[in-house]
Amino acid sequence: VQLQASGGGLVQAGDSLRLSCAASGLTFSRYSMGWFRQAPGKEREFVAAISGSGRSAIKYADSVKGRFTISRDNAKNTVSLQMNSLKLEDTAVYYCAGDRNLIVSSMATPSQYDYWGQGTQVTVSS
């Protein structure tokens with residue numbers, strides 16, 4: 001299983017950015033997919049997750065609700081994170097992660113994911 005995150009960059013506060021994660025080596029539709037982030041000196045934290053196997057469950061961290069949207073395209077084996085109204089505190093390395101058929105209550109827990117992408121840097125400046 002390989003996950004390849006892309007789309008990070010340097011933007012100004014209030015701007016938008018779209019991250020993508022391309023997956024290979026797995027039956028993508030069966031996998032729950034999540035986005036996590038880690039800022040310098042901080043622990044990795046949950047951002048958003050979307051379930052697999054047609055369950056269509058979506059979870060967001062409170063800090064990104066209403067600003068970020070997670071989506072998946074099972075035909076293209078990709079999961080995306082649309083980030084709008086970016087804030088300085090959104091600056092972090094963003095990681096995509098995947099695991100098969102997580103229950104909804106587990107989707108926000110990093111340790112529940114077996115597969116991780118390499119991370120993509122998002123920097124929001126004032």
Side-chain angles (χ1 to χ4, degrees):
V1 176
Q2 287 191 326
L3 302 177
Q4 182 76 32
S6 62
L10 173 63
V11 296
Q12 292 189 323
D15 284 351
S16 298
L17 205 59
R18 186 176 181 87
L19 305 182
S20 292
C21 177
S24 61
L26 73 166
T27 305
F28 182 73
S29 62
R30 296 179 182 175
Y31 277 65
S32 300
M33 301 298 297
W35 285 97
F36 295 79
R37 65 188 182 187
Q38 188 165 17
K42 295 187 176 181
E43 292 188 353
R44 191 167 297 189
E45 67 172 1
F46 170 73
V47 176
I50 185 168
S51 64
S53 297
R55 295 175 189 170
S56 299
I58 290 177
K59 295 186 70 171
Y60 294 101
D62 288 343
S63 58
V64 306
K65 278 181 183 176
R67 299 188 299 122
F68 291 11
T69 302
I70 189 171
S71 61
R72 65 189 299 155
D73 185 336
N74 289 337
K76 295 182 178 179
N77 283 13
T78 58
V79 59
S80 298
L81 185 68
Q82 178 66 42
M83 305 186 294
N84 299 330
S85 303
L86 283 161
K87 303 177 180 180
L88 297 179
E89 52 264 40
D90 293 321
T91 294
V93 177
Y94 283 70
Y95 299 89
C96 61
D99 208 286
R100 183 168 176 168
N101 285 339
L102 293 179
I103 59 175
V104 175
S105 60
S106 297
M107 292 199 303
T109 306
S111 62
Q112 295 295 314
Y113 291 82
D114 281 343
Y115 304 106
W116 291 83
Q118 85 288 2
T120 185
Q121 176 71 48
V122 173
T123 303
V124 184
S125 65
S126 58

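The distance from the SG atom of C21 to the CZ atom of R72 is 10.5 Å, given to the nearest 0.5 Å. Going from atom CG of L26 over to atom CG of N77 covers 6.5 Å, rounded to the nearest 0.5 Å.
What you find for K59 and A108 is that their closest heavy atoms are NZ-CB, 4.2 Å. In terms of heavy-atom proximity, W35 sits nearest to L81 at NE1-CB, 3.6 Å. When all heavy atoms of V104 and A57 are compared, the pair lying nearest together is CG2-CB, 3.6 Å.
The number of heavy atoms from other shown groups lying within 6.0 Å of CD (E45) is above 12. Annotation: E43, atom CD; neighbour count of heavy atoms from other residues, nucleotides and ligands within 6.0 Å does not exceed 12.
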Working for salt bridge (Lys or Arg N to Asp or Glu O under 4.0 Å), residues D62 and K65: CA-CA 5 Å; D62 288 343; K65 278 181 183 176; 3.2 Å; yes
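Put simply, Y94 and W116 are part of two different groups of oily side chains (I, L, V, M, F, W, Y) that touch within less than 4.5 Å, one to the next. I70 and L19 fall within the same hydrophobic cluster, defined by Ile, Leu, Val, Met, Phe, Trp and Tyr side-chain heavy atoms under 4.5 Å apart, directly or through other members. One hydrophobic cluster, built from ILVMFWY side chains closer than 4.5 Å, holds both L17 and L88. Note: the hydrophobic cluster containing V1 also contains I50 (ILVMFWY, side chain heavy atoms under 4.5 Å, direct or indirect links). Y115 is not connected to M107 by any chain of hydrophobic side-chain contacts under 4.5 Å among Ile, Leu, Val, Met, Phe, Trp and Tyr, and they are in different clusters.
For the ring-ring contact (aromatic ring centres under 6.0 Å, His included) criterion with F46, the lone passing option out of Y113, F36, F68, Y95 is F36. Only one option out of R37, Q118, Q121, R44 pairs with V93 in a side-chain contact (heavy atoms from CB on, under 4.5 Å); it is Q121.
Not one N or O on the side chain of T123 forms a donor-acceptor pair closer than 3.5 Å with the backbone of T91. Using modelled atom types, no side-chain atom of R100 and backbone atom of G52 make a donor-acceptor pair closer than 3.5 Å. In this structure, the side chain of D114 does not engage the main chain of D99 through any donor-acceptor pair within 3.5 Å. Y60 places no side-chain N or O within 3.5 Å of a backbone atom of G66 that could act as its donor or acceptor partner. Using a distance-only test at 3.5 Å, with no hydrogens or angles considered, a donor-acceptor pair links the side chain of R67 to the main chain of S63. For S106 (side chain) and Q112 (main-chain N/O), no donor-acceptor pair under 3.5 Å exists by modelled atom type.
In this structure the side chain of M83 never reaches within 4.5 angstrom of the side chain of D90, judged on heavy atoms. For the pair L3/M33, a side-chain contact is recorded, criterion being any heavy-atom separation below 4.5 Å from C-beta on.
For residues 5-24, the side chain to side chain donor-acceptor pair (under 3.5 Å) pairs, not counting sequence neighbours, are S16-N84, R18-Q82.
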